[in-house]
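All values below come from the heavy atoms of this structure, side chains included, with hydrogens, waters and symmetry mates left out.
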Amino acid sequence: MKKAFLLWILLLSSCFVMAEKVFVDGIYYNLISENTAEVTYNGDEEDGWMYFSPDELYVGDVVVPASFVYDSKFYQVTTIGESAFAGSKNMYSLTLPASISTIKDAPFSLCLSLSSINVSSENELYFSQNGILYERRNNRVSIFFVPRNIQGDVELNERITTIPSSAFQSTNITTITIPENVTSIGDGAFYNCQYLSEIFFNQKVKTIGVQAFGKCNSLMIVTIPESVEKIEKSAFLSCSNLIYPIFKEGLVSIGEMAFYDCGNIVAVNLPSTLQSIGNKAFDRCENLKQIQNNSSLVLTAGSDENGSVAKYVDEIIQKEEETVLSDFLLNIISSDCGSLQAEFDINTVIEYDSLLWDLGDGNYRKNVERFNYTYQSSGVYSPIVYLWKNKKETKVTKEYAVNVKEIPSAKFSYENSDFIVPASVVLINESTFSNLEKLQYEWYVDDKILSSEKNFVLNENERGFRNVLLKVIAENGCEDVYEEDILIKNEGEFEFVDYESCQHDEGEETCEYRIGDNTLIVYGKIESYCGGDVYTAEIIDKGDTLEVKTYRNLMRNITTCMCLFDYEISIPNFYKESCVVVFNGKKINVGEEQTSVSEIKNDSFVKIRKDADNHNVIIKMSDENISDYTYDIISEVGKKINGGRILRKTTVLNFSASNGIYFIRVYKDGELIAIQKILN
């Protein structure tokens, strides 16, 4: 009886050890206690995930919730179970909640399409950055998992101290920057990264692990920093396009087969600190023809000793030999009018203390052995490279090696713009060229070619605009085009800016300016209300004066014309002594019969502007004697709304409750000196 009771207690206590599997909202769970659950997979545990059918795997963008309800019970999701998402080749992204505190072994195996993992910012143990999953424990940060489909340029969290084994294996990354705190790169960390073309090491890495960069076939140049003491076995195995592995002082050992089967390496430099090279480290590097040997190792051409580094060489430069840069590679990649792209390369493996390129156009590059550069100004340039080693300078110059095609200039000028019929306009192409000869000129007026000379005289007998275009063609095939519109005017003509934007009641004309021959008429109505009647004005140019004709219209309630573009119309009392009309900065003093035209003086003491909130207008005075100034506010139909004497150097006018078009006018001793249109 006692044994049966103990057996019953044992079964009761283990009821949640035999976890129940449930399926809720697209996620499979094991219920691991009365109120917690772990994410798991579908299928039979006995067979393992490798035998799951496609419909048993996770697909798309998967979001794991923090909790769920099953059979009327609440469960918190705390765990990602072993192999939970394994084999889900069509899962693209995964989002984890703050409640996750445990991630078991191999949950993401063969998730080949997974490109990012995202973790709630409230999770205390795990976080994500740029799609990579990190773990933080005991105040240390480490990479937990890198999605297999991560691509492009990768930036890692600055707090990590190591890159774990196989972390980025077979991913599609293109560049990697090793953070400042990383001291070791694990075995196979970047193995078979076929698109990895650049590695930016820090100055603290000491060890590069076994096969860390093996089969990275896009690598061409790798600079191992001074901090690295050991390159492990097969670290750069079969990097088929690697040309230059550059070793710095501080490297002690190169492991067995470290650069095995890197068939495109052409040269290496062995630093003085190097003590050993492992077996076959450089075997099958058939193009390795030159060695700069600064180490104490004794090298023999054709020998398999010292890692086969000298097996294929034509030349071994020993450390006691003086190294001199005798030439450099200059290759023109592309050339166009006004620009040229060139490739620069010192074209050798050579030790130096400092390196400087003088590109000949005022630009420089320092301590860069190879680069592309674009010249963006025409001319002939002589690039120079300076190299210093043990305080000795080597200088190599390529005289006049870069010739950037010069672009001619078609820009032309003329003496003034006040051309009155009949007009004779002298157009001068003033550009000078240092290297161009046999230039061709094509002068066009209104799309008709009229001359092939360098300079051109345009004779016109009729008013109007003329489009003048000059095309200049150089013997090198480069050309330039420049054009201007030139206005030929009648004598006494008064200029306007063409403008169309008025809206009238049905039957009214669109308001516009039109320039007629010898007569300027403002079409549409310039209207003002005088005692309830509407007055219409027609302004006619008569040489030195403008005539203003007025017409009384007894019809009421006609919409006022809104033609208020860069000018003010103020005709509130047309039959009194005078009023003022201002067009384009000219003041027209209007009487009943004739008008006279005078310039408005620009008074630099007055600035009128709207504030940033667009509700206030600010009048700012720089004249100390502000008592001479007054202002008024005029509505769009010429009605004075407000005004007074200016009492402060900064006057603020509140327009927050007003809408429409207004004019702010400032007077000095009664004379109009400044006008500003305000659209509120």
Side-chain angles (χ1 to χ4, degrees), residues 18-32 36-66 68 70 75 77-97 99-120 123 125-135 142-152 154 163-173 186-195 211 214-215:
M18 301 297 288
E20 179 185 358
K21 180 179 290 187
V22 300
F23 179 68
V24 180
D25 295 332
I27 306 292
Y28 295 94
Y29 301 98
N30 286 327
L31 305 182
I32 56 179
T36 61
E38 72 172 8
V39 178
T40 186
Y41 47 79
N42 191 18
D44 297 326
E45 284 90 350
E46 294 81 5
D47 292 339
W49 61 265
M50 295 183 66
Y51 298 95
F52 293 172
S53 61
D55 59 347
E56 294 176 322
L57 300 173
Y58 292 96
V59 297
D61 300 315
V62 177
V63 179
V64 176
F68 64 91
Y70 177 74
Y75 293 89
V77 182
T78 62
T79 306
I80 302 298
E82 182 177 347
S83 303
F85 302 100
S88 297
K89 297 180 180 180
N90 292 317
M91 182 172 66
Y92 305 132
S93 70
L94 176 65
T95 300
L96 301 179
S99 59
I100 296 296
S101 59
T102 302
I103 301 178
K104 294 184 178 180
D105 293 340
F108 311 113
S109 298
L110 281 181
C111 293
L112 302 181
S113 298
L114 183 61
S115 59
S116 68
I117 298 177
N118 305 294
V119 182
S120 168
N123 194 299
L125 294 175
Y126 301 97
F127 70 95
S128 59
Q129 182 177 323
N130 298 326
I132 297 173
L133 179 62
Y134 294 88
E135 182 180 25
S142 59
I143 296 175
F144 190 90
F145 183 74
V146 178
R148 294 299 89 184
N149 197 36
I150 195 170
Q151 301 180 17
V154 173
I163 297 179
S165 299
S166 305
F168 290 88
Q169 180 176 334
S170 299
T171 60
N172 293 330
I173 65 172
D187 297 345
F190 298 93
Y191 183 77
N192 197 39
C193 290
Q194 295 287 326
Y195 301 101
Q211 291 192 349
K215 292 190 176 182

Main chain of E38, side chain of T79: is a donor-acceptor contact present, judged purely on distance under 3.5 Å? no
So how far is it from E82 CD to N30 CG, rounded to the nearest 0.5 Å? 11.5 Å
With rounding to the nearest 0.5 Å, note down the distance linking CZ in F190 to OG1 in T171. 8.0 Å
For the residue pair L57 and G87, what are the closest heavy atoms and their distance? CD1-O, 3.1 Å
Does any part of the side chain of L94, heavy atoms only, come nearer than 4.5 Å to the side chain of V64, both counted from C-beta? yes
Shortest non-hydrogen separation from I103 to I100 and the atoms involved: CG1-CG2, 4.0 Å
Does the separation of the ring centres of F68 and Y29 fall below 6.0 angstrom? yes
Using a 3.5 Å distance criterion without hydrogens, assess whether the side chain of S128 forms a donor-acceptor pair with backbone atoms of V119. yes
Measure the CG-CG distance between N130 and N118 for me, rounded to the nearest 0.5 Å. 10.5 Å
Find the distance between CG (L114) and CG (D61) and round it off to the nearest 0.5 Å. 10.0 Å
What is the minimum heavy-atom distance between A106 and A86, and which atoms define it? O-CB, 4.2 Å
Would you indicate whether the side-chain heavy atoms of C111 and R148 approach each other to under 4.5 Å? no
List the residues meeting side chain to side chain donor-acceptor pair (under 3.5 Å) with S170, not counting sequence neighbours, and say none if there are none. N192
Determine whether Y41 and Y28 make a side-chain contact, defined as any pair of heavy atoms from C-beta on separated by less than 4.5 Å. no
Please report the interatomic distance OH(Y195) to CD1(I173), rounded to the nearest 0.5 Å. 13.0 Å
Under a 4.5 Å cut-off applied to non-hydrogen side-chain atoms, are N123 and L96 in contact? no
Exercise: identify the closest heavy-atom pair between G131 and P147: O-CG, 3.2 Å
Are Y58 and I27 close enough that some pair of their side-chain heavy atoms sits under 4.5 Å apart? yes
So, does S99 use its side chain to make a donor-acceptor pair with the main chain of V77 at under 3.5 Å? yes
Quick one: sort the F127 and Y134 rings into parallel, tilted or perpendicular, breaks at 30° and 60°. parallel
Indicate the ring-plane relationship of F144 and Y126, choosing parallel, tilted or perpendicular according to the 30° and 60° boundaries. perpendicular
Can you tell me how far CG of D187 sits from OG of S166, rounded to the nearest 0.5 angstrom? 8.0 Å
Any L133 side-chain heavy atom under 4.5 Å of F108 side chain: yes
Note, N172 side chain near N149 side chain (heavy atom, < 4.5 Å): yes
Over all atoms of both residues, closest heavy-atom pair of G81 and P107: O-CB, 3.9 Å
Does some side-chain heavy atom of V154 sit less than 4.5 Å from a side-chain heavy atom of I132? yes
